[in-house]
Amino acid sequence: MNIAGRILVVDGVPTSRITMKVRLMSACYEVAVASSGVEALRMIPVLQPQIVLIGASLPDMPSDQLCLELRSRPERADLPIIMQAKGPDRIAALRAGASALIDDLDDDLILLARVRGLMRNDPAGEGAVLQGCLAEPSTEFLRDTRSRAVFVSGQPATALGWRHALQGRLDFNMKVCDAERALSDAARGDVPELYLIAADMHQPGDGLRLLSELRSRPLSRDAAFVIVLRPERGDMTAVALDLGAGDVLPSDMSGPGAATEAAIRIEAQLSRKRQSDLRRQENQRNILWAMTDPLTGLHNRRYALPRLAQLFDQMIGEESSLAVLLLDLDRFKQVNDNHGHAAGDAVLRNVAQRLALALPPDALLARMGGEEFLIALPHHSAQSALAVAEEIRLQIQSTPVRLPSECQISEIQVSLSAGVAVLGCGQAEIDIPAPEHLLAHADRALLNAKAMGRNRIVIAASALAA
């Protein structure tokens with residue numbers, strides 16, 4: 001059985017703990033239980049739960065105190081916490097840092113929808129690549145730097161009522177628009193941090209369809225979404241959460257207590273969105289660093305080999321040719337031995353820059369390690385690949401590399417050797433090698449170039465016949 005995630009249930013009532021454990025385990029969650037706040041605090045560092053579910057009755061501390069205690073610890077600051085709370089206790093729970101509230105733990109549909117929603121945004125499992133975003137132009141004049149929210153309802157008066165209720169409680173720039181305008185704005189990159197959407201506008205469920213549409217679009221999918229439901233439509237709460245809403249609010253926000261609770265819950269969604277943005281940015285940086293050579297800024301071997309396989313398959317599908325070049329700097333060890341590693345690093349950086357400038361936009365260029373570089377040229381025949389390699393060789397040979405001031409000499413002459421192998425478009429299917437075989441042919445050709453005296457290009461014999 002696949003485990004959907006780990007949950008810690010904290011409740012002082014034994015029957016509630018047992019019942020909740022059975023219900024969550026039946027939904028394929030791994031569940032542990034704690035009978036008190038102190039026990040929960042002791043278990044969490046060991047268990048590392050993805051969600052903590054806190055009931056209304058704890059024997060040693062109020063539920064909101066346990067929530068505050070968890071939020072006060074940096075390593076638990078973004079731990080999703082679901083709390084059972086009713087009436088005036090709801091605002092206290094939200095202010096303590098609850099991620100979501102449950103009125104009644106007996107409502108399986110809403111409880112499990114809340115759990116699924118929080119699991120979906122679990123920071124430990126988040127690996128989505130950050131999409132490109134459109135930044136607003138800078139200005140020297142006054143600019144509203146507040147968070148932006150868009151309120152969407154079938155009747156403008158309804159959305160204006162939400163804005164009136166929340167004004168002064170949220171430091172937001174709040175814009176009211178219809179569904180069509182929200183979609184057109186999102187299509188051109190004008191996306192707010194948060195959407196507040198009525199579940200039913202002109203037709204039942206059309207607000208949920210708008211939510212689904214915005215969540216499916218690359219430019220708007222990472223916004224925070226809150227759905228507003230009329231009291232008689234409470235059965236749609238689980239549907240809204242499963243479609244991607246971070247929270248669901250009642251439509252009546254006119255009372256002070258209702259408006260305060262709504263404002264806290266909306267602010268919590270915005271906070272979660274910001275944390276998610278930071279995690280995505282960090283993930284993107286980690287991915288970039290993992291696939292980039294820090295010295296030259298080129299792609300590294302980890303990126304190059306899978307990308308070469310993709311280009312290989314693409315060229316076969318297009319019945320086109322693919323040239324692979326392996327380049328190696330001649331006698332590079334002597335540069336390090338005679339002039340120091342600062343000189344060696346300067347040579348590698350300089351050569352990498354020249355290679356990048358010499359290649360067409362669709363070429364793959366990577367540092368494979370040490371002084372060896374890989375180039376893959378889609379749609380290049382053996383003759384055109386040889387011409388590119390020879391042009392690079394002559395350019396590297398003819399222009400000395402300037403060395404850092406701490407080196408004993410100001411510049412140094414370098415040269416390179418290269419091996420070339422080509423997947424030809426005329427090869428029969430039975431003769432088509434695998435990408436690693438093409439790379440091996442280029443490597444053998446490079447060894448031949450070294451053996452023949454260096455500073456030369458050798459093309460693999462199989463490529464000449466292709």
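Just so it is clear, the values below take in all heavy atoms, side chains as well, and ignore hydrogens, waters and symmetry mates.
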With sequence neighbours left out, what residues match [X] under side-chain hydrogen bond (donor to acceptor under 3.5 Å, both in side chains)?
X: Arg90; result: Asp103, Glu261
X: Ser35; result: Glu39
X: Arg274; result: Ser147
X: Asp252; result: Ser254

*asked:* Can you classify the ring geometry of Phe151 versus Trp162 as parallel (below 30°), tilted (30 to 60°) or perpendicular (above 60°)?
replied: perpendicular
Going by an N to O cut-off under 4.0 Å, is there a salt bridge joining [X] and [Y]?
X: Arg114; Y: Asp247; result: yes
X: Arg285; Y: Glu282; result: yes
X: Glu213; Y: Arg209; result: no

[X] side chain vs [Y] backbone, donor-acceptor pair below 3.5 Å:
X: Arg148; Y: Asn173; value: no
X: Arg116; Y: Leu241; value: no
X: Ser320; Y: Met315; value: no

*What do you reckon, is CD of Gln155 surrounded by more than 12 foreign heavy atoms closer than 6.0 Å?*
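No, the 6.0 Å shell around CD holds no more than 12 heavy atoms from other groups.
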*Residues which pass salt bridge (charged side-chain N to carboxylate O under 4.0 Å, His left out) with Arg181, listed by chain and number, not counting sequence neighbours*: Asp185
Hey, does [Y] have a side-chain heavy atom less than 4.5 Å from the side chain of [X]?
X: Leu348; Y: Leu329; result: yes
X: Leu374; Y: Val324; result: yes
X: Val422; Y: Ser381; result: no

*asked:* Can you pull out every side-chain hydrogen bond (donor to acceptor under 3.5 Å, both in side chains) where at least one residue sits in residues 224-238? Sequence neighbours excluded, please.
replied: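 Listed once each, the pairs are Asp200-Arg233, Arg230-Glu232.
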*Between CZ on residue Arg163 and CE on residue Met253, distance to nearest 0.5 Å*: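 Arg163 atom CZ to Met253 atom CE measures 13.5 Å (nearest 0.5 Å).
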